[in-house]
Amino acid sequence: MSELFIYNSYTRQKEKFEPITPGYAGLYVCGPTVSGESHLGHARPYITFDIVLRYLRHLGYKVRYVRNITDAGHFEEEGREATDKVSEKAVLEKLEPMELVTKYTNLYHNAMHLFNCVDPSIEPTATGHIIEQISMIETIIEKGYAYEKNGSVYFDVVKYAAEYPYGTLSGRVLEDQLETTRELDGQDEKRNKADFALWKNAPPEHIMRWKSPWGYGFPGWHIECSAMSSKYLGETFDIHGGGMDLQFPHHESEIAQSTIAHGHPPVHYWMHNNMITINGKKMGKSYNNVIKFTELFSGNHPILQQAYHPMVVRFYILQTHYRSTLDFSNEALQASEKGFRRLWEAGEFLQKLTHPGAETAADAELESKVKTLCAECPDFMNDDFNTAKVIANLFELAPVIYGMKGGQVNVAAISASTMTLLKTTFKTYLEDVFGMQPLQIQNNNKLDVVMHVLMEIRKEAKKRKDFATSDDIRNKLAASGVNLKDEKDGSMSYSVE
RNA sequence: GGUCGGAUGGCCGAGUGGCUAGGCUCAGCUCUGCAAAAGCUGCUACAGCGGUUCGAAUCCGCUUUCGACCUCCA
């Protein structure tokens, strides 16, 4: 089997994945800021890196997956007084900050479970690691790369850039940063425009503030990820993931901080997922074009023609490579829904197939085709997690499976071992690696009993050629969203919309 | 303004210097009591203009155009 190659944003090329400790992998992903409800755009990184996690585990790695929760509103807003987003909103909604944080954290967790994302091994919160952050800032000051001013602490980017490579990750040149013509207030404390805050002074009216060597305040945005990732994954770890929009300044700042604090860069492989767009524009708070999870799942949003199941959203995201933009549209989601249904049902039927056991394939051409399509799946995943190509191959296998179901293809057309390979491939990729689940949970028993009674009556009617009755049953059920399907072998099945 | 990345058939989207990606839609056919589902067949695209090459959607240049980042942002 081929080896795993990962596109490293830092070097801008695919590199063979070589973990720091053989057999183990450390994965850190920037999690949500729980000052508001998550939206479709947020689903991309969580699902993308869920695949990375699942695939690494599939390959046999023991993975520690750390994904933080940013629950302290340590945001610095240029041009205004430093404010605290969480506390601001708390005032608006007349809630305690912690109440707000809890509310949105719960909503987020709920959505993650609906998406069937594997829980992180550790989910650290920013507020739970104030001490670690302060300690890291102290180290940076001691080493001479940060300075305190009026109770705030800033990282000296200019000094750093003189001695270390700065801007490599985001492809930025420091001089450009310094020459920005934009005039902003509140810059006086900084020695240079490019400097960023490690700690922000906060006046008493701020609800979220902590005591520090520099007075009361709150940590800068970037420091939490550096403090928490190094605590749980080590000063150097394997993979750091996040959205492309975090490349600068967030991840660039993480590299600078950690390099000074620990004496070396923190991450071997930087991975960035691309954005979800809507009408060609990035879906984001600032554009006011977001579709929240609850809206997506309920269909309760002006732009939505219907509700979309979390698994449909997941499939839709996986049908595109993670480094490409993905444009939202009802048509695209609906196409994904149909496609997923078809593929999932193929997989379900496949597992029920029994093979006579012959090792000789009756159809050498088909045998070879199936083998190849299955064998390519790991190669595609190893090529920077190309889920889109794996799905395409599964779709190519679907007609073979349905052909066996419909009688157009003989089960013995492929050998017993190839049948096993086919089954394993569907199970492995659809369920284990892609984490897909059926759209409808098993119907409750009572309904099932009722449906079987109805189907028996209909079968009897059909036997009598009493099609008026049989059609009547089917049509009336269909009107209520319960669809009956007659199978070739005379059996009947139903599905609830 | 600076940096970077895109422009693929009706829609969504892979992708490689030469061989049908795939999905959805649409049309026809087969099967089926009729449906539905499924199978088969068809619709064959790579923004424009130059260049490199035996050969480019894939490499280079220019043009047009869209976007991301440069400020919180997944």
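Chain identifiers are assigned alphabetically (A, B, ...) following the order of the sequence lines, protein sequences preceding nucleic acid strands; residue numbering begins at 1 within each chain.
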- According to the interplanar angle, ranging from 0 to 90°, do the rings of H251(A) and H272(A) count as parallel (below 30°), tilted (30 to 60°) or perpendicular (above 60°)? tilted
- Query: Looking at C70(B), A74(B), G39(B), which one has an atom nearest to any side-chain atom of Y46(A)?
  - Reply: A74(B)
- Ranking A74(B), G15(B), C11(B) by distance to the side chain of D245(A), first place goes to A74(B)
- The side chain of K285(A) lies closest to which of these nucleotides: A74(B), C69(B), A38(B)? A74(B)
- Between C1' of A14(B) and CG of D384(A), the distance in whole Å: 14 Å
- NZ of K338(A) versus C1' of U25(B): gap in Å, rounded? 8 Å
- Query: With sugar-phosphate meaning primed atoms plus P, OP1 and OP2, does G242(A) contact a base, only sugar-phosphate, or nothing at under 4.0 Å between heavy atoms?
  - Reply: sugar-phosphate
- Query: Between K369(A) (NZ) and G22(B) (C1'), how many Å, whole number?
  - Reply: 12 Å
- Mind checking G406(A) for me? I need base, sugar-phosphate or nothing, with any heavy atom below 4.0 Å counting as a touch. nothing
- Item | Length of the CZ-P vector between R323(A) and A14(B), whole Å | 11 Å
- Message: Distance check needed: G15(B) C1' versus M381(A) CE, whole Å only.
- Response: 17 Å
- Query: Just checking K389(A): base, sugar-phosphate only, or nothing, at a heavy-atom cut-off of under 4.0 Å?
  - Reply: sugar-phosphate
- Of N273(A) and S170(A), the one whose closest RNA chain B nucleotide lies more 5': S170(A)
- Message: Does the plane of the ring in F315(A) sit parallel, tilted or perpendicular to the ring in F340(A)? Use 30° and 60° as the thresholds.
- Response: tilted
- Of the nucleotides C34(B), G22(B), C40(B), which one has an atom closest to the side chain of E396(A)? G22(B)
- Residue met sooner reading RNA chain B from 5', once D383(A) and V400(A) are mapped to nucleotides: D383(A)
- Mind calculating the distance between NE2 (H272(A)) and C1' (A68(B)) to the nearest angstrom? 13 Å
- Query: Between the base of G15(B) and the side chain of N386(A), is there a donor-acceptor distance below 3.5 Å?
  - Reply: no
- For nucleotides G22(B) and G61(B), find the distance between their P atoms and express it as a whole number of Å. 32 Å
- Scanning all shown strands, the Watson-Crick or wobble mate of G5(B) with both distances under 3.5 Å is C66(B)
- Answer with base, sugar-phosphate or nothing: what part of the nucleic acid does S324(A) contact at a heavy-atom distance below 4.0 Å? sugar-phosphate
- Message: Counting only heavy atoms not in Q13(A) (residues, nucleotides, ligands), do more than 12 fall under 6.0 Å from its CD?
- Response: yes
- Parallel, tilted or perpendicular: ring planes of H250(A) versus H222(A), cut at 30 and 60 degrees: tilted
- Item | K282(A), nearest nucleotide to its side chain (from C69(B), G15(B), A74(B)) | C69(B)
- Distance under 6.0 Å and angle within 45° of ring axis: R323(A) vs Y7(A): yes
- Which part of the nucleic acid, if any, lies within reach of M275(A) when heavy atoms closer than 4.0 Å are counted: base, sugar-phosphate only, or nothing? base
- Per atom distances to the P399(A) side chain, the nearest of C12(B), C40(B), C69(B) is C40(B)
- Message: With rounding to the closest Å, how many angstrom separate the P atoms on U44(B) and A21(B)?
- Response: 12 Å
- Task: In whole angstrom, give me the gap between the P atoms of A37(B) and A74(B).
- Result: 40 Å
- Ignoring hydrogens and angles, are the base of C34(B) and the side chain of D486(A) linked by a donor-acceptor pair under 3.5 Å? yes
- Message: From the set C69(B), A74(B), G13(B), return the single nucleotide nearest to any side-chain atom of T320(A).
- Response: G13(B)
- May I have the distance from Y287(A) (atom OH) to A74(B) (atom C1'), rounded to whole angstrom? 13 Å
- Of the listed G23(B), G13(B), C4(B), the closest approach to the F395(A) side chain comes from G23(B)
- Query: For the residue pair Y28(A) and H240(A), does the interplanar ring angle fall in the parallel (under 30°), tilted (30 to 60°) or perpendicular (over 60°) class?
  - Reply: tilted
- With rounding to whole Å, what would you report as the distance between C29(B) and C66(B) at their C1' atoms? 42 Å
- Whole-Å distance separating the CG atom of L326(A) from the C1' atom of G23(B): 13 Å
- Within 45° cone and under 6.0 Å: K405(A) NZ/CZ vs F349(A) ring: yes
- Could you measure between the two C1' atoms, the one in G9(B) and the one in G42(B), and give it in whole Å? 14 Å
- Item | Side chain of R474(A) (C-beta onward), nearest among A74(B), G15(B), C34(B) | C34(B)
- In terms of side-chain heavy atoms of K281(A), which of C11(B), G67(B), C34(B) is nearest? G67(B)
- Query: Contact class for Y402(A) (heavy atom, under 4.0 Å): base, sugar-phosphate, or nothing?
  - Reply: sugar-phosphate
